[in-house]
J.: 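Input: one structure, supplied below.
Here the structure is a predicted model, which means the values were calculated and not measured. Whatever order the structure lists ligands and atoms in, that order sets their numbers, starting from 1. Residue numbers run from 1 in the order of the sequence given.
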Amino acid sequence: MSKPIKLCRFLVSSQEPHIGMLTSEDQVFDLSDVGIKSLTSLLESQDPFGEISKFDEQKITQFPLDQIKLLTPVEHQEVWAAGVTYLRSKVARMEESTFSANAYDRVYHAPRPEIFFKSLPEKVVGPGEPVGIRSDSNWNVPEPELALVINSKKTIVGYTIGNDMSSRDIEGGNLLYLPQAKIYHRSCAIGPCVVIGPSENVARTWAITLQIYRGNEIIFEGQTSVNQIKRSFEEMVSYLCRSQTFPNGAILLTGTGIVPGDNFTLQPHDRVKIEINGIGVLENNVIMV
Ligand code: DO4
Ligand code: MG
């Protein structure tokens with residue numbers, strides 16, 4: 001079993017994204033320096049570990065993390081999301097829903113999972129960029145989620161962190177409003193890197209932590225475990241890929257297990273910090289869109 005590798009996209013001095021490998025010493029190896037021009041090509045490779053290990057680390061340019069800007073690792077992948085995969089999510093949706101509480105209970109137990117389209121790749125927000133709350137909604141929350149990275153062969157090749165920003169009052173008003181509650185400007189953040197190597201069993205040992213800051217104060221904090229996801233990764237991916245093609249691969253968010261209490265809503269200037277211990281931290285400020 002190879003040691004996990006954390007791949008990222010970043011900007012240094014030019015406007016051209018570089019591909020990098022994060023080290024535990026807060027450095028980034030610049031893989032573009034040795035001819036790797038896209039993350040997608042590495043994720044499509046039969047042997048990404050072999051491709052990376054053939055380089056002599058001594059000869060690759062390195063940058064300290066504080067001298068680069070990390071970008072979202074999403075290049076050309078559509079982003080999709082599974083929902084109601086944790087018991088906590090099912091209960092929260094049933095409470096917020098005016099007419100359709102039953103639908104959440106049914107989908108939680110049904111063989112076919114809830115899967116919805118979340119974002120075009122070019123609309124995904126990266127680390128440090130603002131996420132949005134809708135100006136026509138009064139009840140907005142982040143959804144911290146493990147994201148599966150899938151290549152064009154429909155194989156899970158890595159993991160990243162996703163924030164499935166959601167308007168609970170819009171979804172709760174009528175389930176047919178789900179696309180408006182979920183898909184709007186700056187509603188999807190993904191980053192900071194793609195981790196390749198860990199198996200599902202290893203990923204299931206990871207914890208997901210959400211902290212929401214207002215000024216310097218933490219106004220909400222919650223934690224769950226990836227192992228609380230009711231469905232296997234393969235099960236969710238197999239439904240996503242039914243009668244479907246992903247020529248550039250895809251990202252699948254796996255649902256949220258952390259839902260703040262019913263009187264909590266995000267405000268502009270809040271800061272959302274999501275950590276998954278096998279991956280890293282995704283942090284974004286909130287703006288009204
Ligand atoms: O059913 C609505 C969305 C559920 C969701 O996004 C989640 O459980 O994470
Ligand atoms: Mg979600």
J.: Mark yes when over 12 heavy atoms from residues, nucleotides or ligands other than Arg112 sit less than 6.0 Å from its CZ; otherwise mark no.
T.: no

J.: Do Met165 and Leu266 come close enough that some side-chain heavy atom pair is under 4.5 Å?
T.: yes

J.: Quick one: how many protein N/O/S atoms are under 2.8 Å away from the Mg ion (ligand 2)?
T.: 3

J.: Quick one: which of Ile133, Val131, Val286 gives a side-chain contact (heavy atoms from CB on, under 4.5 Å) with Asn140?
T.: Ile133

J.: Near Asn216 CG, under 6.0 Å, is it more than 12 heavy atoms from other residues, nucleotides or ligands?
T.: no

J.: Going by an N to O cut-off under 4.0 Å, is there a salt bridge joining Glu44 and Lys153?
T.: yes

J.: Any non-hydrogen side-chain atom of Asp33 less than 4.5 Å from a side-chain atom of Phe55?
T.: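 Of all side-chain heavy-atom pairs linking Phe55 with Asp33, none is under 4.5 Å.
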
J.: Near Arg214 CZ, under 6.0 Å, is it more than 12 heavy atoms from other residues, nucleotides or ligands?
T.: yes

J.: Compile the protein residues with any heavy atom at a distance under 4.0 Å from an atom of ligand 1; present them by chain, then by number.
T.: Gly83, Val84, Ser89, Arg93, Tyr104, Glu114, Phe116, Glu143, Glu145, Asp164, Glu171, Leu178, Lys182, Gly255, Thr256

J.: Taking atom CZ of Phe264 as the centre, report whether more than 12 heavy atoms of other residues, nucleotides or ligands fall under 6.0 Å from it.
T.: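 Buried by this count: over 12 neighbours within 6.0 Å.
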
J.: Tell me whether Phe99 at atom CZ has more than 12 heavy atoms from other residues, nucleotides or ligands lying less than 6.0 Å away.
T.: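 Not buried by this count: 12 neighbours or fewer within 6.0 Å.
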
